[in-house]
Each structure stands twice: as C-alpha cells, then as structure tokens.
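See below for the structure under consideration.
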Amino acid sequence: NYNEDIFVGYRYFETFEHAKDKVMYPFGYGLSYTQFESRALSFTYDDSIDGMVKAEIAVKNIGNTYSGKEVIMLYSSAPKSKLGAPAYELRAFQKTRLLAPGEEEILTLTFPIQDMASFDDTGVLGTANAWVLMQGAYNVFFGNNIKKVQKVGEYEVAANTVLKTCTALPTELTSRLTATGEMEELDA
C-alpha cells in the first residue's frame, strides 16, 4: 500500500518542513563546468480550460571558459484547499543547446492548464472521483532545480471546476498521508 499518496520524492521533501533539511541533492540538481543565469521574459496563458500555460525563459552561460548545457524546469503550486496538494509539481522542462561562454538561448516551455487539476476521490470539493481545478491562484515557477525556483506568473481560477468524473475502483488502502503531514483514515 502506498500510504504516501501523492507525496513522493521531491513532492514530499518540499511540502513538509521537517524533511527539507534532509535533502543533500535537490530534485534537478546537477554539476557543470560553467555557470548559468536565467531570467523570465514572458508568461502567458490561453484563458480557457483547454488552454496552455507558456513561459519564455532566457538562459545565458555566464562562465568565462567552458561551454555547457542547462535544464530549466517549470513547476506549479496549487491554491490552499481542503484537498491539499504538494508545495510544487513539475509541469515542463527543457534543455538548452550547448552554449558557449556569453551565449544565450531563449527556451519556450508550455503545459496544458488541465495538468494543474487535482484528483478528488472523496468528494471534499463537491464531486467524488473527479479531476478538479481548484478555486484560487496557481503560481508558476521556473528554475534549474527545486531549491532554486523563481515565480514567473500565476493562473487564477474563479471557482472549483470539474474537468472529468471517473469511475471509482475498489482499493485496499486504509489510510494515506495528507498535506498537513497527518494520516487520513479512508473508508474500506
């Protein structure tokens, strides 16, 4: 039984305060012979449920000697709700081409708005066994690892929006971890 629920890997270590200091190499961590600087150029989205979130990020090799490649990742964080969610969820990533010292590349990262939906199996948001975009602000961040993220923009949802309802399947799971760090008992 996976009692950790959705809090696995970086989702666990970034959500729970007691776990953050235990990480030696954060998700996305890597070494290079050079250094990079990244900055957000734009953040846009198509304001429909079927739309896309898009961020343009400039990445520059600020080293003096070596060429190198860099990976940029986009994360989102969900609004606070009864359902609970990880602090960050990876949505998109892209690697630059080989950049010479002083060279810059603009990366365009996109992901569907629907990817930010959460699964509500118990109906705490109103509809059981449904994918729901929760009401509130979804913040979007970029960075080269989970510990070095910067906010690039936000997407606002006016009301809880059910995207899809699903058929419930029986489970043997009796409890699971919640975003507060407590175990939640489930109906068998």
Electrostatic pair Arg176:Glu182 at N-O distance under 4.0 angstrom = no
Check: Asn61 side chain, Tyr66 main-chain N or O, donor-acceptor pair, under 3.5 Å | yes
SB check Glu89 Arg91 (cutoff 4.0 Å) | yes
Sub-4.5 Å side-chain heavy-atom contact between Leu186 and Leu173 = yes
Please examine the side chains of Phe142 and Val149, heavy atoms only from C-beta on, and report whether any two atoms are closer than 4.5 Å.
-> no
Path from Tyr29 to Val23 over hydrophobic side-chain contacts below 4.5 Å = no
Side chain to side chain contact (heavy atoms under 4.5 Å, CB included) between Gln94 and Ile72, worked out | CA-CA 6 Å; Gln94 189 174 348; Ile72 297 296; 5.8 Å; no
Are Arg39 and Glu56 close enough, and set up right, to give a salt bridge (Lys or Arg N to Asp or Glu O under 4.0 Å), and what steps lead you there?
-> CA-CA 9 Å; Arg39 68 185 193 289; Glu56 290 185 328; over 6 Å; no
Hey, is the main chain of Ala55 close enough, under 3.5 Å, to the side chain of Ser42 for a donor-acceptor pair?
-> no
Would you say the side-chain atoms of Ser175 and Glu185 include a donor-acceptor pair closer than 3.5 Å?
-> no
How many angstroms lie between atom CG of Leu41 and atom CD1 of Ile57, to the nearest 0.5 angstrom?
-> 7.0 Å
Does the pair Tyr75 and Val140 meet the rule for a side chain to side chain contact (heavy atoms under 4.5 Å, CB included), with working shown?
-> CA-CA 6 Å; Tyr75 295 91; Val140 179; over 6 Å; no
Kindly compute the distance separating CD1 (Ile6) from OG (Ser118), expressed to the nearest 0.5 Å.
-> 6.5 Å
Which atom names give the shortest non-hydrogen contact between Ala40 and Val152, and what distance separates them?
-> CB-CG2, 3.5 Å
To the nearest 0.5 Å, tell me how far Leu107 CG sits from Glu105 CD.
-> 5.0 Å
Distance-minimising heavy-atom pair for Ser67 and Ala100 | OG-CA, 3.4 Å
Sub-4.5 Å side-chain heavy-atom contact between Leu133 and Tyr138 | yes
Shortest non-hydrogen contact from Ala179 toward Ala85 | CB-N, 3.8 Å
Of all heavy-atom pairs linking Phe16 and Thr180, the shortest is CE2-C, 4.1 Å
Does a side-chain heavy-atom distance below 4.5 Å link Met116 with Phe111?
-> yes
Around Lys147, counting heavy atoms of other residues, nucleotides and ligands shown, do more than 12 lie under 6.0 Å from its NZ?
-> yes
Between Thr161 and Ala159, is there a donor-acceptor pair closer than 3.5 Å when you use the side chain of the first and the backbone of the second?
-> yes
Distance in Å, Arg11 CZ paired with Ile146 CD1, rounded so as to fall on 0.5 Å steps | 10.0 Å
Distance-only, no hydrogens or angles: does the Asp46 side chain make a donor-acceptor pair with backbone N or O of Met52 under 3.5 Å?
-> no
Cluster overlap Met183 with Phe7, hydrophobic side-chain contacts below 4.5 Å = yes
Heavy-atom check, side chain of Gln114 versus side chain of Asp50, under 4.5 Å = yes
Would you please test Leu99 and Arg97 for side chain to side chain contact (heavy atoms under 4.5 Å, CB included) and show each step?
-> CA-CA 6 Å; Leu99 299 176; Arg97 67 180 185 281; 4.0 Å; yes
Judged by modelled atom types alone, do Ser32 and Thr34 share a side-chain donor-acceptor pair under 3.5 Å?
-> no
Do the non-hydrogen side-chain atoms of Asn144 and Ser38 ever get within less than 4.5 Å of each other?
-> no
When you look at CZ of Phe93, are more than 12 heavy atoms from neighbouring residues, nucleotides or ligands closer to it than 6.0 Å?
-> no
Following the transitive rule for hydrophobic clusters with a side-chain heavy-atom cut-off under 4.5 Å over Ile, Leu, Val, Met, Phe, Trp and Tyr, establish whether Val162 and Leu83 coincide in one cluster.
-> yes
How about Phe119 and Asn129: do any of their side-chain heavy atoms sit closer than 4.5 Å?
-> yes
If you measure from CE on Met73 to CZ on Phe27, what distance do you get to the nearest 0.5 Å?
-> 6.0 Å
Between Leu125 and Val157, is there a shared hydrophobic cluster once you connect ILVMFWY residues whose side-chain heavy atoms come closer than 4.5 Å?
-> yes
Kindly indicate whether the side chain of Thr108, heavy atoms from C-beta on, has any atom under 4.5 Å from the side chain of Lys54.
-> yes
Leu74 CG to Leu109 CG distance, which is reported to the nearest 0.5 Å = 4.5 Å
Centroid-centroid distance, Tyr88 to Phe141, less than 6.0 Å = yes
Atom CD of Glu156 with >12 non-hydrogen neighbours under 6.0 angstrom | yes
Lys/Arg-Asp/Glu bridge criterion (N-O < 4.0 Å) met for Lys60, Glu103 | no
For the student: nearest non-hydrogen atoms of Ala87 and Ser77, plus distance | O-CB, 3.0 Å
Are Val53 and Met134 connected in the hydrophobic side-chain network, where two residues link if heavy atoms are under 4.5 Å apart?
-> yes
